[in-house]
Amino acid sequence: MKNTVREIPKIELHCHLDGSVSLAYIQAQAEEQNIAIDIDKISADAQCQSLVEYLVCFDEILKVMQTEKSLVDSVVDVVSQAHHDGIKYIELRFAPKLHLDKGLSVLEVISAAVQGAIKAEATYPVVVRLLVCGMKHHSNEENIEVFQHILEHPSLQEYVVGVDLAGGEDDNTMPEFADSITFAKAHQLNLTLHAGECGCNKNVYDAIKLGARRVGHGVSSIKDAQLLETLKTEDVLLEICPCSNLQTKAIQHISEIDIPLLKKLDVPFLINTDNRGVTQTNLVQEYLLLLDNQLLTLEDIPVINKRALKYAFVEPEIKSQLIETYFKS
Ligand SMILES: [Zn+2]
């Protein structure tokens with residue numbers, strides 16, 4: 001079964017660069033840069049109680065992701081894992097402001113990630129694109145400054161295809177960051193927003209209202225019939241990340257990801273890993289978990305992936321090529 005799932009061409013739209021680097025990458029970087037890393041702190045376990053606790057792992061990993069080379073290598077490392085999962089198109093997201101500790105500028109961080117994407121595409125048969133994240137613990141001004149770099153450097157735009165806001169959330173998150181989001185929209189930046197990861201449906205409604213074309217997680221919306229209807233009519237895709245949601249206690253049981261209901265209501269969605277390293281998962285494992293719990297059939301996988309490609313932020317010509325090569329039937 002594992003190999004069958006692996007061989008089905010897939011795409012992934014919600015994958016964090018820092019949360020997805022491999023243990024081998026972290027160890028190699030720690031050695032190369034002479035940095036002490038506490039290996040016990042880089043992944044969450046079943047005892048993880050909340051999103052806040054989960055997010056602590058990133059601080060440890062980020063210690064080794066502060067140089068140009070480490071950023072280039074990190075993209076290649078995650079794309080290598082994606083290739084192993086049978087992924088043909090991936091959008092990797094990262095927050096440039098979390099990589100400035102050793103003096104890199106925001107522009108240098110974004111440029112390094114773009115270099116990594118180019119190198120990864122030359123190494124693996126995977127189309128790689130990047131999303132730049134603003135953070136919910138940073139100010140609107142800081143987030144807008146990050147987004148502005150993309151606009152000011154058109155050469156980055158072939159690879160940087162959209163923006164996101166990541167981090168913890170409360171009921172007031174979206175109004176608080178309306179300025180950042182409105183700025184992105186006003187400048188035609190493709191927008192996906194983390195929302196509804198902690199039971200806050202209001203954030204999903206707000207994200208849709210503010211113009212998000214996709215919602216990161218949005219798991220709480222599955223229990224809200226009206227919200228599902230809104231997602232359907234506004235044509236907004238849910239980026240579902242099952243294992244991550246179990247770890248952060250966004251859900252108590254996998255059955256809460258009611259895919260049969262999403263299928264019945266024709267709500268667009270895709271299965272993603274969120275954080276391969278921190279969650280200790282991969283995309284094959286995510287699908288296997290859903291298959292084992294009868295939430296999905298093997299036949300559903302190509303259908304879901306083909307449909308989700310419509311919501312990818314890559315340019316239409318590449319989308320057509322991907323459909324022609326991998327998702328024709
Ligand atoms: Zn995420």
Side-chain angles (χ1 to χ4, degrees), residues 5 8-15 86-91 131 161-162 164 174 190-197 199-246 250-251 253-274 283 286-314 316 319-320 322-324 326-329:
V5 174
I8 300 173
K10 292 176 288 299
I11 72 166
E12 182 169 16
L13 299 178
H14 192 123
C15 180
I87 290 174
K88 307 301 177 189
Y89 172 75
I90 189 163
E91 285 177 16
L131 304 177
V161 293
D164 170 34
M174 293 302 161
N190 290 315
L191 187 64
T192 175
L193 292 170
H194 275 75
E197 190 176 359
C200 322
N201 277 343
K202 183 178 173 292
N203 284 336
V204 183
Y205 278 112
D206 288 347
I208 298 169
K209 234 180 277 167
L210 287 163
R213 289 169 59 191
R214 308 192 319 233
V215 166
H217 300 281
V219 65
S220 61
S221 51
I222 299 177
K223 286 182 180 159
D224 181 335
Q226 198 192 331
L227 183 47
L228 289 178
E229 181 62 34
T230 307
L231 286 161
K232 164 73 187 146
T233 49
E234 297 296 323
D235 200 21
V236 173
L237 175 124
L238 286 178
E239 303 165 352
I240 296 177
C241 309
C243 292
S244 166
N245 289 162
L246 282 167
I251 55 171
H253 191 267
I254 190 69
S255 60
E256 289 173 52
I257 298 184
D258 193 346
I259 289 176
L261 178 69
L262 296 179
K263 278 167 59 187
K264 193 174 135 203
L265 300 176
D266 198 29
V267 175
F269 68 95
L270 180 67
I271 307 306
N272 307 270
T273 59
D274 203 17
L283 195 58
E286 299 282 345
Y287 278 106
L288 287 175
L289 180 66
L290 297 168
L291 289 165
D292 286 349
N293 285 275
Q294 280 88 48
L295 293 164
L296 203 69
T297 65
L298 261 184
E299 295 68 37
D300 288 332
I301 302 177
V303 178
I304 293 166
N305 280 272
K306 184 180 180 182
R307 183 183 191 192
L309 192 54
K310 184 182 143 198
Y311 301 84
F313 294 154
V314 70
K319 256 186 223 187
S320 307
L322 286 163
I323 290 175
E324 185 66 26
Y326 301 112
F327 302 101
K328 215 171 171 186
S329 54

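Remark: Tyr326 engages Pro9, Lys88, Leu322 in a side chain to side chain contact (heavy atoms under 4.5 Å, CB included) (not counting sequence neighbours). Every residue meeting the side chain to side chain contact (heavy atoms under 4.5 Å, CB included) condition with Asn293, not counting sequence neighbours, appears here in chain and number order: His253, Ile254, Leu289, Leu295. Looking at residues two or more places apart in sequence or on another chain, you find no salt bridge (charged side-chain N to carboxylate O under 4.0 Å, His left out) involving Glu286. The salt bridge (charged side-chain N to carboxylate O under 4.0 Å, His left out) test applied to Lys319 returns no partner, not counting sequence neighbours.
Atom-to-atom distance recorded for Cys241:SG and Glu12:CD is 7.5 Å, nearest 0.5 angstrom. Rounding to the nearest 0.5 Å gives a distance of 7.0 Å between CG of Leu227 and OG of Ser220. Glu197 contributes atom CD, which lies 11.0 Å from atom CD1 of Ile251 (distance to the nearest 0.5 angstrom). The OH atom of Tyr205 sits 15.0 Å away from atom CG of Leu210, with the distance rounded to the nearest 0.5 Å. Within the model, atoms CD of Glu91 and CG of Leu131 stand 4.5 Å from one another, a figure rounded to the nearest 0.5 Å. Taking CD1 from Ile257 and SG from Cys243, the interatomic distance works out to 8.5 Å, rounded to the nearest 0.5 Å.
Remark: the Thr192 side chain and the Asp164 side chain contain no N/O donor-acceptor pair separated by less than 3.5 Å.
Although no hydrogens or angles enter the test, the distance criterion places no donor-acceptor pair under 3.5 Å between the side chain of Asn203 and the main chain of Gly196. No donor-acceptor distance shorter than 3.5 angstrom exists from the side chain of Asn272 to the backbone of Asp274, with no hydrogens or angles considered.
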*Step by step, work out the side-chain contact (heavy atoms from CB on, under 4.5 Å) result for Ile240 and Leu262.*
CA-CA 11 Å; Ile240 296 177; Leu262 296 179; 3.6 Å; yes
*Starting from the C-alpha separation in whole Å, work towards a yes-or-no answer on side-chain contact (heavy atoms from CB on, under 4.5 Å) for Ile8 and Leu298.*
CA-CA 9 Å; Ile8 300 173; Leu298 261 184; 3.9 Å; yes
*Do Leu261 and Leu228 pass the side-chain contact (heavy atoms from CB on, under 4.5 Å) test, and can you show the C-alpha distance, the side-chain angles, and the key distance before you say yes or no?*
CA-CA 10 Å; Leu261 178 69; Leu228 289 178; 3.7 Å; yes
*Derivation and outcome, side-chain contact (heavy atoms from CB on, under 4.5 Å), residues Val215 and Leu193*: CA-CA 5 Å; Val215 166; Leu193 292 170; 5.8 Å; no
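When all heavy atoms are compared, the tightest approach of Leu291 to Leu296 is CD2-O, 3.4 Å. Ser221 and Val204 get closest at one heavy-atom pair: CB-CG1, 4.5 Å. Nearest heavy atoms, Glu239 versus Gly216: OE1-CA, 3.3 Å.
Under the 30°/60° scheme for interplanar angles, the aromatic rings of His194 and His14 are found to stand perpendicular.
Remark: Arg213 is not positioned above the aromatic ring of Phe313, lacking an NZ or CZ atom under 6.0 angstrom from the ring centre and at most 45 degrees off the axis.
In this structure, the side chains of Ile259 and Ile271 come closer than 4.5 Å at one or more pairs of heavy atoms.
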List, one per line, each side-chain donor-acceptor pair under 3.5 Å for residues 305-312, sequence neighbours excluded.
residue	atom	partner	partner atom	Å
Asn305	OD1	Ile11	N	2.8
Asn305	ND2	Tyr287	OH	3.1
Asn305	ND2	Ile301	O	2.8
Lys306	NZ	Phe327	O	3.3
Lys306	NZ	Lys328	O	3.4
Arg307	NH1	Asp266	OD1	3.1
Arg307	NH2	Asp266	O	3.2
Arg307	NH2	Asp266	OD1	3.4
Lys310	NZ	Asp235	OD2	3.4
Tyr311	OH	Asp235	OD1	2.5

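Listed by first and then second residue, the salt bridge (charged side-chain N to carboxylate O under 4.0 Å, His left out) pairs that reach into residues 256-265 are Lys223-Glu256, Lys263-Asp300, sequence neighbours excluded.
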